[in-house]
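Okay, so here's the structure we're looking at.
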2 protein chains.
Amino acid sequence: MGFHHPATEDLELPAVLHALSDPQRLRIVRGLSADPEPRPCGAFDVNVSKSTCTHHFRVLREAGVIEQRALGAARLNSLRREDLDARFPGLLDAVLESVPA
Amino acid sequence: MGFHHPATEDLELPAVLHALSDPQRLRIVRGLSADPEPRPCGAFDVNVSKSTCTHHFRVLREAGVIEQRALGAARLNSLRREDLDARFPGLLDAVLESVPA
DNA sequence: GCAACAGTTTGACGATCGTCGTACAATAAA
DNA sequence: TTTATTGTACGACGATCGTCAAACTGTTGC
């Protein structure tokens, strides 16, 4: 419950880059960008266990890449695109537009 | 001596992001961007030991962020800006233009 | 109430990371 | 030929990482 979301001005570049440097998390962010509709953790194409999933979403949240909002038992995840663009202009777009490999 | 530099088309986003996610390496890249003149490892504002320095330059090189060219005993480091821009347009600029914290 | 569902917490595991010191190789300068 | 200078190679160290399974909390629905 103690969901900590860093303030926009507290976002740190190394933390954001590290959060984005993992393939699984990159896939989460890509999915969230393709369809910005906030949705629960289970609704992502991530083939790892539940606990690993929790871990990845926490890394993304604590770096300030995503926002997690509780809705009942679920956690609605959304991209903090505005905050990221304000703090690191062009970064998210550059990451997302890179050839999907 | 077996300096391995990945080909442009082999650059991988997670590896590049990981290479850039360390403060020391970020400082190296920033310095190399501020003054693109190729220069030896010792000419950087990095306060770690020699061996750690070698390590950081290798991570950057193997991710394809920098190029290392031997000149006598020294290793001339330069930014692979064109290759990075070709493979991940806008990424390096976004990283470098983010507020220097 | 009870079962199913959605995530978290904890603890563990091997792997990688950032760091160092020492020893080494190669070049440059004396 | 010595003696610096520049950087690499090789362990080593504690810390963090990505992963999992098991147990748990909280919600939804019967």
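Atoms considered below: every heavy atom in the structure, side chains included; atoms not considered: hydrogens, waters and symmetry mates. What you are looking at is a predicted structure, and each value in this text was computed from that prediction instead of being measured.
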Measure [atom1]/[X] against [atom2]/[N] and give the value in whole Å, please.
| X | N | atom1 | atom2 | value |
| --- | --- | --- | --- | --- |
| B/F57 | C/dC17 | CZ | P | 18 Å |
| A/R39 | C/dA6 | CZ | C1' | 16 Å |
| A/Q68 | C/dA6 | CD | P | 15 Å |

task: Give, ordered by number, those residues of residues 10-18 of chain A having at least one heavy-atom distance below 4.0 Å to an atom of DNA chain C; if nothing qualifies, reply none.
output: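 Output list: empty, so none.
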
Would you tabulate the nitrogen or oxygen pairs shorter than 3.5 Å linking the protein to nucleotides 19-21 of chain D?
from	atom 1	to	atom 2	distance (Å)
D/dT19	OP2	A/H56	NE2	2.3
D/dC20	OP2	A/S49	N	2.8
D/dC20	OP2	A/S49	OG	3.4
D/dC20	OP2	A/T52	OG1	3.1
D/dA21	N7	A/S51	OG	3.2
D/dA21	N6	A/S51	OG	2.9

May I have the list of side-chain donor-acceptor pairs in residues 13-22 of chain A shorter than 3.5 Å, sequence neighbours left out?
from	atom 1	to	atom 2	distance (Å)
A/S21	OG	A/H18	O	2.8
A/D22	OD2	A/Q24	N	2.9
A/D22	OD2	A/R25	N	3.1

Residues that [X] engages under side chain to side chain contact (heavy atoms under 4.5 Å, CB included), provided they are two or more places apart:
| X | result |
| --- | --- |
| A/T54 | none |
| B/A70 | B/R75 |
| B/S51 | B/S49 |

Side chain to side chain donor-acceptor pair (under 3.5 Å) against [X], all qualifying residues, sequence neighbours excluded:
| X | answer |
| --- | --- |
| B/T8 | B/D83 |
| A/R81 | A/S33, A/D93 |
| A/Q68 | A/R61, A/N77 |

Mind listing the side-chain donor-acceptor pairs of residues 39-46 of chain A below 3.5 Å, one per line with the distance, residues two or more places apart or on another chain?
from	atom 1	to	atom 2	distance (Å)
A/R39	NH1	A/D35	O	2.5
A/R39	NH1	A/E37	O	2.9
A/R39	NH2	A/G31	O	2.9

- prompt: Which other residues belong to the hydrophobic cluster containing B/L76, where Ile, Leu, Val, Met, Phe, Trp and Tyr are joined when side-chain heavy atoms lie under 4.5 Å apart, directly or via other members?
  reply: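 For the cluster that includes B/L76, the remaining residues are B/L71.
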
I'd like a table of atom pairs between the protein and nucleotides 27-30 of chain D - only N or O on both sides, under 3.5 Å - with the distance next to each one.
none

